[in-house]
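Every chain is numbered from 1 and lettered A, B, ... according to where its sequence line falls, protein lines coming before strand lines. Hydrogens, waters and symmetry mates are skipped; everything else that's a heavy atom, side chains included, is used.
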Amino acid sequence: MKPAITYELLHEDKNTGARRGVVHTPHGDIQTPIFMPVGTQATVKSITPEELKEEIKAQIILSNTYHLYLRPGDKLVKEAGGLHKFMNWDRPILTDCGGFQVFSLSDLRTISEDGVEFKSHLDGSKHFFSPEKVMEIEENLGADIIMAFDECCPYPSTYEYTKQSMERTTRWAIRCKEAHKNTEKQGLFGIIQGGFYEDLRKQSLEDLVKLDFPGYAIGGISVGEPKEEFLKVLKYTAPLMPKDKPRYLMGVGTPDYLIESAIAGIDMCDCVLPTRIARNGTAFTSKGKVVVRNATYERDWGPLDDECDCYTCKNYTRAYIRHLVKTNEILGVRLLSMHNLRFLTKLMERVRIEIENDNLLNFKEEFYKKYGYTN
RNA sequence: GGGUCUUUGGGUGAGUGGUUAAAACCGCCAGACUGUAAAUCUGGUCUCUUCGGAGUUCCCUGGUUCGAAUCCAGGAGGGCCCA
């Protein structure tokens, strides 16, 4: 029986750990390294699936177990024919497991060996997520790639806490694997934890690799740590991940983090940042972040980014977008979201080419210089 | 012409003798945002400042008081009623 998710390595960059590959899924292939837009509530906020495909050129998107379980309910999504049909997206989908909500809703939950009790952020009602429950929900949602239930530790956390949390996450991963039945249509990824401790990361990775998941993720970074800390964990963890499986770094990120991740040998990243900062009036550009809401762009008749090929940059000025943002018009949100998403998918298209040409390191230098990153 | 009510910072609008440079909201100016409790959140928004403070404010003028945006008198603008 063919597994739902397989990885094909096409080329390795000669100067870095970067890999150019393809992830095969039941809803088609994704070219890696890739940036995956986040659509928490079965929608990438303000963007239609058609725009995601045609303008943004997204190959896969994320959605979220916790949020869809609460609303509209995973059973309803199943009744609709699954997430793909429900939201009219026929390309691959990855569902996150709710482990990030264990982190971000920390005031509203309690963790035990068996699972996590949440008080809904919507109405205060109590809900219990066990690894088995999460698998049931994710099977009902029907994404191509589903994530094992984990705990994402805050930064900083003590060694002791991180260790026992990581070990519990591994035990939960075992239970997820046992509970996951729909292995022909869904690939279950294990999530490496261990915080900012090298030996814990290694331990987590080793234990999960023994379980032979079709893919592995690094979780628990990009949680507010300084960049050096992020890079350290990335650099000692990613190279140890299996070469024949997709490697997913959760919650990243900014353009520099995406490039660093690719260099470290990561295949997949996701982040809410492009759509969130769009809603807050900011654009990624090849010359750095532009807070287009600011007064200095009041009479800026140029595009957000003169090197960008997106719908927004082809048609609208900074001055107009600033006006839309200032007047709280929804088109402003949409135009900025389209641009930011396209900026990152295009960045990764370029990263793929540079890997093929063994030139990623030079590209990074060039990109950093123009963007204004110091490192 | 008479009576009556009213006038606060860019706007709306609290405040009726003393921690009031003056609530709140809006606007404006910035900052943050990384597996989305986020079209959100935080800070600033009279003037000057060596960031410790200093100075000048609540339509205008004069007064009462130790002390006034707050009380009194007159004036100016606005609303309503009567002629």
TODO: For A:L249, report the nucleic acid contact type (base, sugar-phosphate, nothing); a contact means any heavy atom under 4.0 Å.
DONE: nothing
Open item on the list: Counting only Watson-Crick pairs (N1-N3 plus N6-O4 or O6-N4) and G-U wobbles (N1-O2, O6-N3), all under 3.5 Å, who is the partner of B:G1?
Closed with: B:C82
Open item on the list: In whole Å, measure the gap between the C1' atoms of B:U61 and B:A68 for me.
Closed with: 15 Å
Task: Span that lies between the P atom of B:U56 and that of B:G67, in whole angstrom - done: 16 Å
Open item on the list: What I want to check is whether the side chains of A:T48 and A:E51 have a donor and an acceptor closer together than 3.5 Å.
Closed with: yes
Task: A:R175/A:D114 ion pair, N-O < 4.0 Å - done: yes
Task: Ring center gap for A:F189 and A:F213 short of 6.0 angstrom - done: no
- [ ] May I ask which nucleotide in the shown strands pairs with B:C46, Watson-Crick or G-U wobble, both distances under 3.5 Å?
- [x] B:G55
Open item on the list: What's the gap between B:C72 and B:A83 when it is taken at their C1' atoms, as a whole Å value?
Closed with: 30 Å
TODO: Can you tell me, in whole Å, how much space there is between the C1' of B:U8 and that of B:A24?
DONE: 14 Å
Open item on the list: If I pick the P atom on B:C82 and the same atom on B:A14, what distance separates them, to the nearest angstrom?
Closed with: 27 Å
Task: B:C58 to B:G52 separation - C1' atoms, rounded to the nearest Å - done: 28 Å
Task: Candidate list A:F103, A:F118, A:F149, test ring-ring contact (aromatic ring centres under 6.0 Å, His included), partner A:Y66, passing option - done: A:F118
Task: Euclidean distance for P, B:U36 against B:U47 (whole angstrom) - done: 43 Å
Open item on the list: Checking base pairs now: Watson-Crick or wobble, both atom distances under 3.5 Å. What partners B:C41?
Closed with: B:G31
- [ ] Identify whether the glycosidic angle of B:G52 places it syn (within 90° of 0) or anti.
- [x] syn
Task: salt bridge (charged side-chain N to carboxylate O under 4.0 Å, His left out) partners of A:D74, counting only residues at least two apart - done: none
TODO: Would you mind checking if A:E206 and A:K202 are paired as a salt bridge, meaning a charged N to carboxylate O distance below 4.0 Å?
DONE: no
Task: Ion pair check, A:R19 and A:D13, cut-off under 4.0 Å - done: no
Open item on the list: Base contacts versus sugar-phosphate-only contacts with protein, heavy atoms under 4.0 Å: please encode nucleotides 26-36 of chain B as B, S and - from 5' to 3'.
Closed with: --SSBBBBBBB
Open item on the list: Pairing check on B:A76: which nucleotide meets the Watson-Crick or G-U wobble criteria with it, both distances under 3.5 Å?
Closed with: B:U7
Task: Pairwise C1' distance, B:G13 and B:G27 [rounded to whole Å] - done: 14 Å
